[in-house]
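Predicted model, so just to flag it, every value in this text is computed and none were measured. Labels below follow one simple rule: chain letters A, B, ... track the order of the sequence lines, proteins then strands, and each chain is numbered from 1.
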Amino acid sequence: MSAAMEAAFYVAAVVAVVSTILAITRLVAVHALLYLIVSFLAVAVVFYTMGAPLVATLEVIIYAGAILVLFLFVVMMLNLGTRDRERERQWLSGAAWLGPAILSAILLAEVIYLIASGATTGAIAATVGPKEVALALYGPYMIGVELASMLLLGAVVGATHLSKQEARS
Amino acid sequence: MNAVPLSHGLILGGILFALGLAGLLMRRNLLLILVSIEVMLNGAGVAFVAAGSRWAQPDGQIMFLFILAAAAAEVSVALALLVRYYRMRGTLDADAARSVGE
C-alpha cells in the first residue's frame with residue numbers, strides 16, 4: 001500500500017521536473033503554458049502522495065485552473081495580429097500537444113492505479129486532511145487569512161486600475 | 001515507516017526552484033519570466049508541504065495556501081502590467097524596458 005504511494009511520488013516527481021524543464025525552454029508561449037499545466041498537475045499528484053489532499057485539490061483548481069487561464073487570456077489578447085491564422089495552425093500541430101499529452105497520460109495512469117490499489121496513507125507520513133488544515137487556518141492563522149484577503153483585494157484594485165488607464169489612453 | 005524520506009521532497013522542491021531561477025535568468029520574454037516565477041513559488045510550496053507532511057502538521061499546507069494567495073495577487077498585477085507594456089512597446093522583450101524612463 002505504501003509502496004504504491006512511494007512509486008507514485010517518484011514517477012510524479014520525474015514528470016514534474018521533465019515538464020518544468022520543457023516549459024522553461026519552449027519558444028512559443030502557449031507550448032510553455034501547456035507544459036506548465038502538466039507540471040502543476042504533477043506537483044498536485046506529489047502533494048497527494050505526501051498526504052496533503054486539500055492542497056493537491058487547490059493546486060489543480062487555482063494553479064492549473066485560475067492562474068494558467070489568466071496566462072492563456074493574456075496570450076490570446078496579445079496575439080490579435082494578422083498572423084493569427086498561421087500561428088493558430090502552428091499551435092494545433094501534432095508536435096505541440098504530443099509531449100504534454102504523454103506526460104498527462106502518465107499522471108492519469110498513476111492516479112487510476114492509486115485509486116484502484118486503495119492506498120490512502122501518505123508516502124512521507126500520515127495524511128493531514130482538510131479538517132486539520134481548516135481548524136489551524138481559522139484558529140492560530142486567522143490574521144494570515146485576513147492579510148491574504150487584503151492582499152488579494154489590493155491586487156484586484158491594482159489590476160483594475162492598470163487596465164482602466166489603458167482603456168483611457 | 002517513512003517510505004519517502006523528507007530529503008527527497010525537499011530535493012524536488014529545490015530542483016523546481018532552481019529550474020524556475022534558471023528560466024528567470026535565461027529568458028527575455030516577459031511572459032516566460034512570469035512563468036518561471038510561478039515555478040519558483042511552486043518549488044517553495046513543495047518544500048513547505050513536504051516538511052509539514054513529515055511531522056504530520058497542517059502548518060506546511062497553510063503556508064502553501066498563503067503562497068498560493070501571494071502568487072495569484074502577483075500574477076494578476078503582473079499580467080496587467082505586461083499587457084500595458086506590450087501596448088506601449090509592441091514587444092515582450094524585457095531588454096526593451098532599458099529605456100523605460102524616456
Side-chain angles (χ1 to χ4, degrees), chain A residues 2-3 5-6 9-10 13 16-17 20-21 23-26 29 32-33 36 39-40 43 46-47 49-52 54-55 58-59 62-63 66-67 70-71 73-75 77-78 122-126 128 132-133 135-137 141 144 148-149 151-152 154-156 158-160 162-163 165-166, chain B residues 1-6 8-9 11-12 15-16 19-20 22-24 26-27 29 31-32 34-36 38-39 41-43 45-46 49-50 52-66 68-84 86-88 92:
Chain A
S2 181
M5 277 295 189
E6 194 184 348
F9 172 84
Y10 288 113
V17 170
T20 306
I21 290 172
I24 62 172
T25 52
R26 290 307 94 182
L33 292 179
L36 193 66
S39 167
F40 286 157
V43 170
V46 166
F47 286 158
T49 60
M50 279 179 184
L54 176 70
V55 162
L58 286 176
E59 172 94 12
I62 298 182
Y63 260 121
I67 291 181
L70 263 182
F71 273 107
F73 267 127
V74 168
V75 170
M77 278 173 68
L78 296 187
I124 290 185
V128 180
E132 288 91 337
V133 178
L135 284 176
L137 192 62
Y141 286 101
S149 71
L151 176 69
L152 287 171
V156 169
T160 314
L162 285 170
S163 39
Q165 271 188 335
E166 181 189 348
Chain B
M1 282 300 282
N2 296 330
V4 177
L6 168 64
H8 290 188
I11 287 170
L12 174 64
I15 290 174
L16 287 179
L19 284 175
L24 179 70
M26 276 183 338
R27 305 307 299 256
N29 187 335
L31 193 77
L32 282 157
L34 285 177
V35 163
S36 303
E38 289 306 307
V39 171
L41 287 169
N42 213 24
V46 169
V49 174
S53 172
R54 167 66 181 78
W55 284 279
Q57 294 294 316
D59 303 72
Q61 299 188 37
I62 287 168
M63 284 315 294
F64 180 80
L65 295 186
F66 290 150
L68 202 65
E74 170 251 325
V75 134
S76 59
V77 174
L79 285 178
L81 279 172
L82 184 88
V83 172
R84 288 208 68 188
Y86 185 78
R87 298 253 192 273
M88 226 165 70
L92 284 178

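Only the backbone of B/Gln57 comes within contact range of chain A, with heavy atoms under 4.5 Å apart. Within the 4.5 angstrom heavy-atom criterion, no atom of A/Ala66 approaches chain B. Neither the backbone nor the side chain of B/Ala78 comes within contact range of chain A, judged by heavy atoms closer than 4.5 Å. Only the side chain of A/Val43 comes within less than 4.5 Å of a heavy atom of chain B; its backbone N, CA, C and O stay farther away. Within the 4.5 angstrom heavy-atom criterion, no atom of B/Ile11 approaches chain A. Using a 4.5 Å cut-off between heavy atoms, B/Leu32 touches chain A through its side chain atoms alone. Using a 4.5 Å cut-off between heavy atoms, B/Leu82 touches chain A through its side chain atoms alone. Heavy-atom distances place the side chain of A/Leu36, and not its backbone, under 4.5 Å from chain B. Proximity to chain B (any heavy atom under 4.5 Å) is shown, for A/Leu135, by neither the backbone nor the side chain. Within the 4.5 angstrom heavy-atom criterion, only side-chain atoms of A/Ile62, from C-beta onward, approach chain B.
By the side chain to side chain contact (heavy atoms under 4.5 Å, CB included) test, A/Ser39 is found to be paired with A/Ser19, A/Thr20, residues two or more places apart in sequence or in another chain being considered. With sequence neighbours left out, the side chain to side chain contact (heavy atoms under 4.5 Å, CB included) criterion links A/Ala13 to B/Leu12.
Counting heavy-atom pairs closer than 4.5 Å to chain B, the top-ranked of the candidates A/Gly154, A/Ala136, A/Gly158 is A/Ala136. Of the listed residues (A/Val17, A/Thr25, A/Leu137), the one with the most heavy-atom contacts under 4.5 Å to chain B is A/Leu137. Looking only at heavy-atom pairs under 4.5 Å with chain B, the residue among A/Leu152, A/Thr160, A/Leu54, A/Leu33 that has the most is A/Leu152. Of the residues considered (B/Asn42, B/Val77, B/Val75), B/Asn42 shows the highest number of contacts with chain A, using heavy-atom pairs under 4.5 Å.
Nearest heavy atoms, B/Ser36 versus A/Ile24: OG-CG2, 4.1 Å. Of all non-hydrogen atoms in B/Ser76 and A/Leu70, the two that sit nearest each other are CA-CD1, 4.2 Å. Listed here is the closest heavy atom pair of A/Ala29 and B/Leu31: CB-CD2, 3.6 Å. Contact between A/Met50 and B/Val49 at its shortest, heavy atoms only, is SD-CG1, 4.0 Å. A/Ala148 and B/Phe66 make their closest contact through CB-CD2, 4.3 Å (heavy atoms, listed as atom of the first residue, atom of the second, distance).
The aromatic rings of A/Tyr63 and B/Phe64 sit tilted relative to each other, their planes meeting at an angle between 30° and 60°.
Between A/Tyr10 and B/His8 the shortest side-chain heavy-atom distance falls below 4.5 Å. Looking at A/Phe71 and B/Glu38, their side chains come closer than 4.5 Å, going by heavy atoms from C-beta outward.
Note that the CG atom of B/Leu19 and the CD1 atom of A/Ile21 stand 5.0 Å from one another [nearest 0.5 Å].
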